[in-house]
Amino acid sequence: MRKHYLDNIRWVTVVIVVIYHVFYMYNSEGVLGGLGKITNLKVQYYDAFEYLVYPWFMTLLFIVSGISARLSLEQHTDKEFIKSRSLKLLVPSTIGLFFFQFIQGYVSMSLGGGIAGLKEAGVPGPIIYMIMVASGSGVLWYMHLLWIYSLLLVIIRKIEKGKLLQAGAKTPLWLLPLFYFPIWGAAQILNTPIVSVYRFAFYFVFFLLGYYVFSNEEVMEKIKKLALPLIALALALCVTFTVLYFGQKYADKPINRGFLFSLCAYIGSLAMLSGFARFADFSNGFTEWMSHHSFGLYVFHYLGISSVALFLAKPGLLPAPVSYLLSLVAGFVFGYALYEVISRIPFFRWAVLGIKKK
């Protein structure tokens with residue numbers, strides 16, 4: 001039986017990511033976004049949204065990805081699993097950079113004047129193109145990590161031979177709080193120094209918890225009963241995190257390696273997972289459409305947001321509120337429209353979206 005709450009978590013989380021990136025694009029509190037501040041406000045208090053959601057929305061997706069890996073491996077061989085993950089994750093996040101995502105690299109670099117600076121310095125066109133390709137990965141970092149985790153999972157499964165999965169099904173409630181400690185420990189290691197989103201150990205723990213623990217119905221039935229207390233606790237923790245660190249670099253060390261950040265990531269993910277399992281395990285025409293298009297929205301939304309920032313907000317052609325609203329609309333329009341178009345073009349649907357012709 002399909003777990004509809006997983007589909008709903010995916011598309012809802014991607015919508016949150018879109019909204020987050022709109023605020024991030026024009027952020028002025030703590031972390032410099034793509035363009036930066038475009039208002040005359042002394043303090044942009046609404047930037048608090050970034051602090052409220054950043055610790056947990058991607059860790060939640062990695063938990064769901066771990067659960068999905070379990071469901072996939074129950075129906076496919078290891079070879080089929082790796083082949084499908086390579087098509088869906090590796091191809092778009094590598095080959096797709098050369099054939100489409102370099103456009104995102106151009107827009108992102110232009111926001112900071114990078115393209116103009118390279119041309120003024122006399123950098124050859126082919127070199128500029130390669131820099132654009134490297135800069136175009138953007139939101140695709142999630143796909144890079146997930147592909148690596150999928151390979152590691154296959155290796156781990158061969159070593160443990162199903163014993164960890166059996167143990168995970170027996171996870172008692174008292175053990176769940178103790179999982180926080182490996183999460184916090186993983187937050188301290190294997191973090192790339194410049195591109196802070198590549199946190200190899202931190203997200204890997206959530207992926208493994210998804211596969212070995214939360215993919216088990218026995219465990220999910222237990223935490224579903226705790227959905228309301230978990231939601232209340234997550235809200236309290238995330239609000240506390242926002243109040244304590246507002247105006248500081250929430251996405252970088254030492255904050256993203258701190259005790260409270262990891263706690264918000266874990267409890268926030270559990271709150272969403274248990275809440276959706278209890279209250280949103282259903283499907284209708286709208287949720288099915290949103291679920292089917294969530295991947296395209298994730299891949300293309302930032303191009304819409306950043307294009308509005310570059311061509312309209314940066315020159316000051318629109319008032320700040322209109323720039324925010326238009327960026328939000330463009331995120332969804334670009335996400336859905338580009339998915340519909342590119343998914344129908346031979347070769348590009350494979351290179352950019354990992355879709356083979358049926």
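All residue numbers refer to positions in the sequence shown, counting from 1.
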Can you list, pair by pair, the side-chain donor-acceptor contacts under 3.5 Å of residues 15-26, counting residues two or more places apart and other chains?
{"from": "Tyr20", "atom 1": "OH", "to": "Tyr250", "atom 2": "OH", "distance (Å)": "2.8"}
{"from": "His21", "atom 1": "ND1", "to": "Val17", "atom 2": "O", "distance (Å)": "3.4"}
{"from": "His21", "atom 1": "ND1", "to": "His301", "atom 2": "NE2", "distance (Å)": "2.8"}
{"from": "Tyr26", "atom 1": "OH", "to": "Ser327", "atom 2": "OG", "distance (Å)": "2.7"}

Please collect all side-chain hydrogen bond (donor to acceptor under 3.5 Å, both in side chains) contacts where either partner lies in residues 255-272, sequence neighbours excluded, each pair once. Thr59-Ser269
Output all residues satisfying salt bridge (Lys or Arg N to Asp or Glu O under 4.0 Å) with Glu221, sequence neighbours left out; order by chain, then residue number. Lys224
Sequence neighbours left out, what passes side chain to side chain contact (heavy atoms under 4.5 Å, CB included) with Ala320? Give chain and number order. Ile38, Thr39
Shortest non-hydrogen contact from Ser196 toward Asp252: CB-OD1, 4.4 Å
Applying salt bridge (Lys or Arg N to Asp or Glu O under 4.0 Å) to Lys79 and not counting sequence neighbours gives none
Considering all heavy atoms, the nearest Trp147-Ser86 contact: NE1-OG, 2.9 Å
Just checking Tyr203 against Trp141, ring centres under 6.0 Å apart? yes
Can you name the side chain to side chain contact (heavy atoms under 4.5 Å, CB included) partners of Asn40, sequence neighbours left out? none
Residues that Lys119 engages under side chain to side chain contact (heavy atoms under 4.5 Å, CB included), provided they are two or more places apart: Ile115, Ile128
Would you be so kind as to tabulate the donor-acceptor pairs closer than 3.5 Å made by side chains of residues 178-186, with sequence neighbours excluded?
{"from": "Tyr180", "atom 1": "OH", "to": "Phe259", "atom 2": "O", "distance (Å)": "2.8"}

The criterion is salt bridge (Lys or Arg N to Asp or Glu O under 4.0 Å); which residues satisfy it with Arg199, sequence neighbours excluded? none
By salt bridge (Lys or Arg N to Asp or Glu O under 4.0 Å) - contacts of Asp281 (at least two apart): none
For the student: nearest non-hydrogen atoms of Phe332 and Leu328, plus distance: CD1-O, 3.2 Å
Salt-bridged, Arg85 to Glu80, with N to O below 4.0 Å? no
Could I get the full list of side chain to side chain donor-acceptor pair (under 3.5 Å) partners for Glu288, not counting sequence neighbours? Ser283
Atom pairs and distances, donor-acceptor, side-chain atoms in residues 232-242, under 3.5 Å, two or more places apart:
{"from": "Thr240", "atom 1": "OG1", "to": "Ala236", "atom 2": "O", "distance (Å)": "2.7"}
{"from": "Thr242", "atom 1": "OG1", "to": "Cys238", "atom 2": "O", "distance (Å)": "2.8"}

